[in-house]
Amino acid sequence: MKDKAKSIFLWILLVAFVCYLVGTGVYDLLNKKDLVTIQVDRAVEILEVEQSVNGLIPMGKDHYYLAGNSATGETIILRAAKSWYQKNFSEDGDLRSGDTLTVTSLAKRCDFDVARELENRVMQVEGISMVLSPDYCLALSFRFFAIAKILIVVLGIVGALMVYKIAKSDHEVGPAWRKTVLLLAILWLILMLIILYRQ
């Protein structure tokens, strides 16, 4: 009886996790009310956060930029890749081409510790008008993370079906099948780590 209750509980957890991934992924892709558009002509990096798994396995860095419009004073925090910044802005923070750059992205709440540090740094800058509270940023990679969540579920289902087929097969499974399952498992694990530690 205890084993059955434990099994049911684990299935409930699994279903809840799948619903969370698919639900939040689809919601972010379809969410229009939290999309923010701003015209910016300057941007400077104000915070770099190194992400890792238990402080051992590096998972990359998150870069936060203070971007604003010189004419209006409107300013916002962007979370974007270093390559995006280098493509659009010089080392001094000036826009490389055009009068302004249009940025449209989803406003996401920052992690508590990150939000507190961002707020401390923003408070030291004078003459700006924040479009959003400093504990929110425009996450330029939100579509990637949303699709990654959905892919985790899809890959998990496909992988589980392949493992089930291999387990039930009466014949020797070829190396191609085994390599495919291993590849799916590695890709699934990478996406899972990205979602847990980078989104």
Side-chain angles (χ1 to χ4, degrees), residues 21 24-53 55 57-152 187 189-199:
L21 290 174
T24 54
V26 171
Y27 178 78
D28 281 353
L29 290 174
L30 300 179
N31 185 1
K32 303 297 181 188
K33 70 181 181 68
D34 292 324
L35 281 177
V36 176
T37 298
I38 185 172
Q39 304 280 340
V40 299
D41 57 10
R42 284 191 58 78
V44 290
E45 184 171 7
I46 59 168
L47 184 64
E48 179 183 279
V49 179
E50 189 165 354
Q51 302 288 1
S52 63
V53 180
I57 305 172
M59 290 296 297
K61 297 176 180 179
D62 289 331
H63 300 273
Y64 294 86
Y65 301 95
L66 195 63
N69 188 305
S70 301
T72 64
E74 287 187 331
T75 307
I76 203 162
I77 295 172
L78 307 177
R79 188 179 71 199
K82 192 79 171 177
S83 57
W84 174 88
Y85 180 79
Q86 292 171 341
K87 176 185 174 183
N88 293 291
F89 296 91
S90 68
E91 290 182 4
D92 297 327
D94 297 318
L95 192 62
R96 290 190 183 276
S97 62
D99 295 327
T100 59
L101 174 68
T102 302
V103 179
T104 300
S105 193
L106 201 63
K108 303 283 283 185
R109 185 182 288 275
C110 301
D111 174 82
F112 177 77
D113 291 331
V114 171
R116 188 169 55 182
E117 184 61 32
L118 286 170
E119 187 172 4
N120 289 337
R121 299 189 181 196
V122 167
M123 285 175 63
Q124 299 174 28
V125 183
E126 297 178 356
I128 60 173
S129 173
M130 294 299 295
V131 175
L132 295 172
S133 169
D135 58 342
Y136 280 86
C137 68
L138 290 194
L140 270 59
S141 301
F142 79 93
R143 287 188 181 88
F144 168 80
F145 289 111
I147 292 169
K149 287 179 179 180
I150 298 168
L151 272 178
I152 285 172
L187 184 57
L189 182 60
I190 291 171
L191 288 174
M192 182 64 77
L193 288 173
I194 287 172
I195 289 300
L196 290 176
Y197 293 93
R198 291 298 306 278
Q199 71 160 338

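The structure presented is a predicted model; accordingly, all values stated were derived computationally and were not measured.
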(message) Between R42 and L66 (side chain of the first, backbone of the second, donor and acceptor by atom type, cut-off under 3.5 Å), is there such a pair?
(response) no
(message) Please find the pair of heavy atoms, one from L138 and one from S105, that lie closest to each other, and give the distance.
(response) CD2-O, 3.7 Å
(message) Please report the interatomic distance CZ(F145) to CG(L106), rounded to the nearest 0.5 Å.
(response) 12.5 Å
(request) Taking the side chain as every heavy atom from C-beta outward, state whether L78 and Y85 have any pair of such atoms under 4.5 Å apart. (result) no
(request) Heavy atoms only: give me the nearest D28-A146 pair and the separation to one decimal. (result) CB-CB, 4.0 Å
(request) Kindly determine whether L95 and F89 satisfy side chain to side chain contact (heavy atoms under 4.5 Å, CB included), including the steps that lead there. (result) CA-CA 5 Å; L95 192 62; F89 296 91; 3.7 Å; yes
(request) For residues D99 and D41, determine if any side-chain heavy atom of one lies less than 4.5 Å from a side-chain heavy atom of the other. (result) no
(request) Nearest 0.5 Å please: distance from the CD1 atom of I76 over to the SG atom of C137. (result) 9.0 Å
(message) Does atom CG (D113) have a neighbourhood of more than 12 heavy atoms from anything else shown, all under 6.0 Å?
(response) yes
(message) Looking at every heavy atom in both P134 and I77, which two are closest together, and how far apart are they?
(response) O-CD1, 3.7 Å
(request) State the CD-CZ distance between Q86 and R96, to the nearest 0.5 angstrom. (result) 8.0 Å
(message) Nearest 0.5 angstrom please: I195 CD1 to L151 CG, how far?
(response) 9.5 Å
(request) For residues Y136 and V36, determine if any side-chain heavy atom of one lies less than 4.5 Å from a side-chain heavy atom of the other. (result) no
(message) Rounded at 0.5 Å granularity, tell me how far OG in S70 sits from CD1 in I128.
(response) 12.0 Å
(request) Scan E48, R79, E45 and name whichever one has a side-chain contact (heavy atoms from CB on, under 4.5 Å) with Y64. (result) R79
(request) Enter the distance from K108:NZ to L140:CG here, rounded to the nearest 0.5 Å. (result) 13.0 Å
(message) Given T100, which partner from the list N69, I38, V40 fulfils the side-chain contact (heavy atoms from CB on, under 4.5 Å) test?
(response) N69
(request) Answer with yes or no whether the side chains of S133 and D135 bring together a donor and an acceptor at under 3.5 Å. (result) yes
(request) Check whether any side-chain heavy atom of I150 lies under 4.5 Å from a side-chain heavy atom of L29, and answer yes or no. (result) yes
(message) Tell me whether the rings of W84 and Y65 are parallel (<30°), tilted (30 to 60°) or perpendicular (>60°).
(response) tilted
